[in-house]
Amino acid sequence: MNDNRFMSGSQAQATQIDLGLRSYMLGVYNHMTTALALTGLMALGLNFLSVSNGALTSIGELFFVSPLKWVVILAPLGMVFYISARLNKISSSKARNLFYIYSGLMGLSLSSLLLIYTGASVARAFFVTAAAFAALSIYGYTTKKSLSGLGSFLIMGVFGLIIAQIVNMFLGSTQLDFMITIIGVLIFAGLTAYDTQKIKNMYLAGDDAETARKKSIMGALNLYLDFILMFQFLLALLGNR
């Protein structure tokens, strides 16, 4: 008769893997949450310095009117490509610091949204995004169904979305813009679940600590981008200008 007080070797190994996976995923969410907090603080800080009595200050004109605005807009894009390309060649601590610098730059870039939309609608879109993200990420973590096929379809959808946005820059169609916004919300909602499952499946109990930390940072970057892009599309859909 088996003694339930003692685990078999396979049970002990499964328990160890489960604990390691939980620690790994907690690291992913901690990095992502820290990055989102930095983004929010930088956006609010720049907005506070940029507007006075309903008009742009000299700092606001520097960041939103002068040619520096293009550096603010494009710097996050260059930074995310750099981190992705260099991740395997740099230490996990440097990757983490670059990720946080990137999130700060993203905050400067997103600060312009506070000049376009009301504070209440920005807050509403943020909390709707946070609730949707949490539900979708939990689904991606817990579902036994493989989402790899859905992920491939959604990634193709991202490229289609970019092409549609470029085309609409010339057409200026409000109907097409509305469709792009709806599709954008759906795509990044789906990618949230897909990326969560992919990040979970990337975990290997045999990884050394440095490799695990790098995977954690890259996973946090993916989920951070899903959150930010879903937030932007939801703000375009729900926000009051």
Side-chain angles (χ1 to χ4, degrees), residues 35-36 39-40 42-44 46-47 50-51 54-57 59-85 102-126 128-129 132-133 136 149-195 221-241:
L36 286 173
T39 299
M42 292 299 289
L44 290 171
L46 180 57
N47 183 260
S50 298
V51 181
L56 287 178
T57 64
I59 293 176
E61 291 180 354
L62 178 66
F63 278 91
F64 301 123
V65 179
S66 76
L68 182 62
K69 69 179 182 181
W70 295 110
V71 176
V72 174
I73 292 170
L74 297 175
L77 182 63
M79 194 80 175
V80 75
F81 282 124
Y82 177 80
I83 295 172
S84 300
Y102 163 73
S103 66
L105 291 173
M106 182 64 84
L108 297 180
S109 180
L110 294 179
S111 181
S112 60
L113 295 176
L114 296 172
L115 301 178
I116 300 171
Y117 297 96
T118 65
S121 62
V122 171
R124 179 171 63 247
F126 176 83
V128 170
T129 304
F133 179 91
L136 290 161
L150 175 65
S152 301
F153 175 77
L154 292 172
I155 290 169
M156 289 190 294
V158 171
F159 289 107
L161 197 66
I162 293 170
I163 293 170
Q165 288 178 311
I166 293 172
V167 169
N168 202 40
M169 287 174 62
F170 298 98
L171 296 179
S173 169
T174 55
Q175 290 85 358
L176 180 56
D177 187 59
F178 180 74
M179 288 179 60
I180 289 170
T181 302
I182 295 292
I183 293 170
V185 170
L186 295 175
I187 285 176
F188 289 102
L191 281 174
T192 297
Y194 164 73
D195 282 335
L221 176 59
N222 286 337
L223 290 181
Y224 170 88
L225 288 171
D226 291 337
F227 187 102
I228 290 293
L229 290 164
M230 184 161 55
F231 164 73
Q232 287 183 276
F233 281 112
L234 278 170
L235 182 59
L237 186 65
L238 305 173
N240 297 320
R241 293 176 178 266

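- Between the Ser103 side chain and the Thr39 main chain, no donor and acceptor come within less than 3.5 Å of each other.
- Checked against side-chain hydrogen bond (donor to acceptor under 3.5 Å, both in side chains), Thr129 has no partners two or more places apart in sequence or in another chain.
- To the nearest 0.5 angstrom, Ile73 atom CD1 is 11.5 Å from Met106 atom CE.
- Closest heavy-atom contact between Leu68 and Leu62: CB-O, 3.4 Å.
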TODO: Carefully, step by step, assess Val122 and Phe231 under the rule side-chain contact (heavy atoms from CB on, under 4.5 Å).
DONE: CA-CA 9 Å; Val122 171; Phe231 164 73; 4.0 Å; yes

Task: Derivation of the side-chain contact (heavy atoms from CB on, under 4.5 Å) call for Phe64 and Val51 - done: CA-CA 11 Å; Phe64 301 123; Val51 181; over 6 Å; no

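- In terms of heavy atoms, Asn168 sits closest to Ser173 at OD1-N, 2.9 Å.
- When side chains are defined from C-beta on, Leu110 counts as touching Ile228, because their heavy atoms get closer than 4.5 Å.
- When all heavy atoms of Thr192 and Leu223 are compared, the pair lying nearest together is O-CD2, 4.0 Å.
- Side-chain N or O atoms of Ser111 include none that pairs as donor or acceptor with a backbone N or O of Gly107 at under 3.5 Å.
- With rounding to the nearest 0.5 Å, the separation of CZ in Phe233 from CD1 in Ile187 is 7.5 Å.
- Atom CD of Gln165 sits about 11.0 Å away from atom CD1 of Ile163, to the nearest 0.5 Å.
- Note: Leu237 CG to Ile182 CD1 = 4.5 Å, rounded to the nearest 0.5 Å.
- With contacts defined as side-chain heavy-atom distances shorter than 4.5 Å, the pair Leu238/Tyr117 does not qualify.
- Side-chain contact between Lys69 and Val65 is absent, with no heavy atoms from C-beta onward closer than 4.5 Å.
- The two residues Tyr102 and Tyr224 make their nearest non-hydrogen contact at CE2-CE2, 3.5 Å.
- Residues Tyr194 and Phe188 place their aromatic rings such that the two centres sit no closer than 6.0 Å.
- Of all heavy-atom pairs between Ser121 and Leu235, the closest is O-CD1, 3.7 Å.
- In terms of heavy atoms, Leu77 sits closest to Val80 at O-CG1, 3.1 Å.
- Rounded to the nearest 0.5 Å, atoms CG (Leu225) and CG (Leu191) are 10.5 Å apart.
- For Asp195, the salt bridge (Lys or Arg N to Asp or Glu O under 4.0 Å) partners are Lys198, not counting sequence neighbours.
- Here Thr181 contributes atom OG1 and Leu161 contributes atom CG; the two are 8.5 Å apart, rounded to the nearest 0.5 Å.
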